[in-house]
Amino acid sequence: MRKELLSTYLKLHLIVLIYGFTAILGKLIAIPALELVWYRMLLAIITLFIYLKYKGEPLEVSRKELLVFFGVGLIIALHWVTFYGAIKLSNVSVTLGCFATTTLFTSFLEPFFSRKRVDIYEVLIGLVIIAGLYLIFRFETHYAIGMLVALLSAFLAGLFAVLNKKLVAKHSAVKISFFEMIGGLIGLTLFITASGRGVVVPSIIPSMADLFYLVILATICTAFAHTVQVAVMKHLTAFTVTLSINLEPVYGIVMAFFIFGETERMTTGFYLGTLIILLSVIGFPVSKYFNRTD
């Protein structure tokens with residue numbers, strides 16, 4: 001049992017590393033956040049469909065289940081739009097730092113949906129992360145709008161993680177991801193058409209460089225990573241998953257500094273805050289692992 005749990009944690013941290021790179025791609029891709037997410041979901045759907053057909057997995061679901069998948073997909077689409085919107089309003093480091101508040105949101109959302117008592121320990125961990133964020137952003141007030149958008153993105157991330165925890169008990173992770181991507185794409189398409197940004201498809205066509213980054217984003221960072229994230233929820237709580245995903249700021253900030261240089265250089269308080277987040281993220285799953293009795 002411990003070997004299986006360790007394997008699950010290793011898979012989780014692999015996708016966290018991949019998620020850290022999505023912010024880098026978000027800054028490299030020149031098109032606006034809404035169109036970026038539309039293309040990301042479209043390419044992810046194609047990738048997941050090919051995989052499902054290769055595996056011979058049936059796609060039949062009930063109408064009620066389909067509506068649920070589509071609803072969660074809309075939440076995921078909104079999460080991604082706000083996430084990349086925050087990057088374009090501020091920078092990679094600020095957005096990823098705020099994204100750590102997902103843990104605090106999840107600590108309240110998970111008990112609400114599962115109808116269990118709030119775990120005080122989980123809330124305390126979330127508050128420690130908030131303290132880290134306070135140190136990070138004491139002197140970064142000029143990014144206020146970007147920070148607010150990033151906080152909304154964090155709330156949406158916690159929400160869809162909790163909802164997927166319930167769904168993965170009955171369905172395969174790949175099938176869930178496939179239908180969620182379709183739901184998100186439909187919602188974005190309707191919005192793009194209604195807002196005059198295009199008819200059915202966005203009016204903005206990505207350049208070859210953007211298309212290359214979008215393929216990486218859709219296949220590795222979306223189809224693969226999102227499916228693995230849903231799959232590990234069979235063995236871990238939504239809180240543990242989102243807590244580990246708080247390493248995304250650490251990985252992403254380090255990569256952003258080496259890739260983008262001075263535009264990502266932050267204050268000493270910023271790096272002290274990320275250290276607090278890192279210790280919180282590592283400490284929780286490690287204590288869970290060694291306190292198991294099976």
Side-chain angles (χ1 to χ4, degrees), residues 15-38 40-41 75-106 126 129-161 210 213-214 216-217 221-222 225-226 229 242-267 269-278 280-281:
I15 65 168
V16 173
L17 178 62
I18 293 172
Y19 282 155
F21 193 65
T22 63
I24 306 297
L25 292 172
K27 186 167 183 177
L28 290 171
I29 297 171
I31 60 177
L34 185 64
E35 285 77 10
L36 187 161
V37 176
W38 190 92
R40 177 183 185 179
M41 288 191 144
I75 295 172
I76 294 171
L78 288 172
H79 155 63
W80 282 343
V81 169
T82 51
F83 180 77
Y84 291 115
I87 289 174
K88 295 180 185 299
L89 287 168
S90 54
N91 63 17
V92 172
S93 299
V94 168
T95 300
L96 290 177
C98 281
F99 193 68
T101 57
T102 302
T103 301
L104 186 61
F105 291 126
T106 307
I129 291 172
I130 292 297
L133 285 171
Y134 172 74
L135 288 175
I136 290 174
F137 299 115
R138 277 185 66 186
F139 306 106
E140 308 296 341
T141 54
H142 52 292
Y143 290 132
I145 297 176
M147 290 166 61
L148 289 174
V149 175
L151 287 172
L152 175 58
S153 180
F155 170 78
L156 294 169
L159 180 58
F160 83 73
D210 283 347
Y213 293 136
L214 281 165
I216 296 175
L217 185 62
C221 302
T222 305
H226 186 72
Q229 179 185 344
T242 53
L243 183 66
S244 298
I245 288 175
N246 279 316
L247 275 173
E248 180 180 340
V250 179
Y251 298 150
I253 289 165
V254 172
M255 287 188 287
F257 179 78
F258 283 105
I259 294 172
F260 300 117
E262 291 298 318
T263 61
E264 295 292 331
R265 184 179 294 276
M266 309 297 285
T267 63
F270 179 89
Y271 297 110
L272 179 59
T274 56
L275 177 62
I276 292 174
I277 293 171
L278 177 62
S280 301
V281 168

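Numbers for residues simply follow the sequence, beginning at 1. Treat the numbers as computed from the prediction; the structure is a model and nothing was measured.
- In this structure, CG on Leu159 lies 4.0 Å from CD1 on Ile75, to the nearest 0.5 angstrom.
- Scanning all heavy atoms of the two residues, the minimum distance from Thr102 to Gly158 falls at CG2-N, 3.5 Å.
- Considering only heavy atoms from C-beta on, Trp80 comes within 4.5 Å of Ile76 through its side chain.
- Closest approach of Ala225 to Ile18, counting heavy atoms only: CB-CG2, 4.1 Å.
- Remark: side-chain polar atoms of Thr82 are paired, donor with acceptor, to backbone N or O of His79 under 3.5 angstrom.
- The OG atom of Ser153 sits 9.5 Å away from the CG atom of Leu78 when rounded to the nearest 0.5 Å.
- Listed here is the closest heavy atom pair of Thr95 and Ser90: OG1-OG, 3.3 Å.
- Remark: Asp210 CG to Leu214 CG distance equals 6.0 Å, nearest 0.5 Å.
- For the atom pair CD1 of Ile31 and CH2 of Trp38, the computed distance is 10.0 Å after rounding to the nearest 0.5 Å.
- In this structure, the side chains of Thr22 and Phe83 come closer than 4.5 Å at one or more pairs of heavy atoms.
- The structure places CD1 of Ile87 at 9.5 Å from CG of Leu25, a figure rounded to the nearest 0.5 Å.
- Closest of all the heavy-atom pairs between Thr222 and Leu217 is OG1-O, 2.6 Å.
- We find the CG-CG distance between Leu28 and Leu36 to be 10.5 Å, quoted to the nearest 0.5 Å.
- In this view, Tyr251 satisfies the ring-ring contact (aromatic ring centres under 6.0 Å, His included) rule with no residue, not counting sequence neighbours.
- At a threshold of 4.5 Å between non-hydrogen side-chain atoms, the residues Tyr84 and Leu34 do not count as touching.
- The shortest heavy-atom contact between Met255 and Gly20 is CE-C, 3.5 Å.
- Considering all non-hydrogen atoms of both residues, Phe105 and Ala154 come closest at CD1-C, 3.8 Å.
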